[in-house]
Amino acid sequence: MGWREMAICQDQDPDLFFSVGPITSGPTLIQTDEAKAVCRRCPVMKQCLNWAIRVDPVEGIWGGTTEAERRAMRHRTARVSQDTTETAA
Ligand code: SF4
C-alpha cells in the first residue's frame, strides 16, 4: 500500500488544501491552519512532505506546509549542502 492510500485528506474537501485567496488574508490563513491541522493528524505526513519537496513547485498544502514554506526548506537544504561542499573543499 502506498502512502497516498493512507492519507487522511482523502475524506476531506479538497478545496480545504487549495486556498484561492492571498495567503495573508484572514479567511485564507484560517483555511491554511485548518488544512495543516488535518496534516498533523495524518500518519503519512513525512512521506507527503518529502514528495512535495521533491516535485515542487506544487500548489496547496502538502505535508503540513505551504508552497512558500517548502520553497524555503529547499533553499535552506541547498545552502547547507553548498556550505558543506565548500567546507570540504
Ligand atoms: S500530510 Fe496532509 S496533504 Fe499530505 S496526505 Fe496527509 S493530510 Fe493529505
Side-chain angles (χ1 to χ4, degrees):
M1 176 188 292
W3 64 266
R4 287 175 187 264
E5 282 111 51
M6 298 170 66
I8 62 172
C9 55
Q10 293 180 95
D11 302 328
Q12 302 284 324
D13 179 354
D15 288 346
L16 177 64
F17 296 83
F18 299 95
S19 56
V20 289
I23 196 75
T24 51
S25 77
T28 302
L29 287 173
I30 292 168
Q31 182 180 344
T32 298
D33 283 348
E34 288 176 4
K36 286 181 172 184
V38 173
C39 292
R40 283 193 295 272
R41 296 194 310 272
C42 181
V44 292
M45 183 174 158
K46 188 174 174 183
Q47 293 93 324
C48 179
L49 177 58
N50 287 339
W51 171 83
I53 289 173
R54 254 192 340 269
V55 302
D56 251 0
V58 60
E59 290 180 23
I61 305 296
W62 294 91
T65 62
T66 63
E67 185 179 355
E69 289 166 338
R70 292 189 299 275
R71 193 178 322 120
M73 288 172 161
R74 278 201 321 281
H75 288 171
R76 265 197 307 275
T77 301
R79 216 172 26 241
V80 168
S81 176
Q82 184 179 6
D83 290 349
T84 303
T85 304
E86 288 173 1
T87 303

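Counting from 1, the numbers follow the sequence of the chain as shown. Order of appearance sets the numbers: ligands from 1, and atoms from 1 within every ligand.
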| Which ligand 1 atoms does Gly63 reach within 4.0 Å, using its non-hydrogen atoms? | 1 (S), 3 (S), 4 (Fe)

| Protein contact to atom 2 (Fe) of ligand 1 [nearest heavy atom, distance to 0.1 Å] | Cys39 SG, 2.4 Å

| Identity and separation of the nearest protein heavy atom to atom 6 (Fe) of ligand 1 | Cys42 SG, 2.4 Å

| remark: Taking every heavy atom of Asp33 against every heavy atom of Arg40, the minimum-distance pair comes out as O-NH2, 4.5 Å

| Between Phe17 and Met73, is there a shared hydrophobic cluster once you connect ILVMFWY residues whose side-chain heavy atoms come closer than 4.5 Å? | no

| remark: To atom 7 (S) of ligand 1, the nearest of Gly60, Cys9, Ala7 on a heavy-atom basis is Cys9

| What orientation do Trp62 and Phe18 show, parallel under 30°, tilted 30 to 60°, or perpendicular over 60°? | perpendicular

| said: Can you confirm whether more than 12 heavy atoms, excluding those of Gln12, are under 6.0 Å from its CD atom? | reply: yes

| query | With a cut-off of 2.8 Å, does Cys48 place any N/O/S atom under that distance from atom 4 (Fe) of ligand 1? | reply | yes

| message | For Asp15, is there any backbone N or O sitting under 3.5 Å from a side-chain donor or acceptor partner on Gln31? | response | yes

| remark: ligand 1 to Ile61, heavy atom cutoff 4.0 Å, flagged ligand atoms 3 (S)

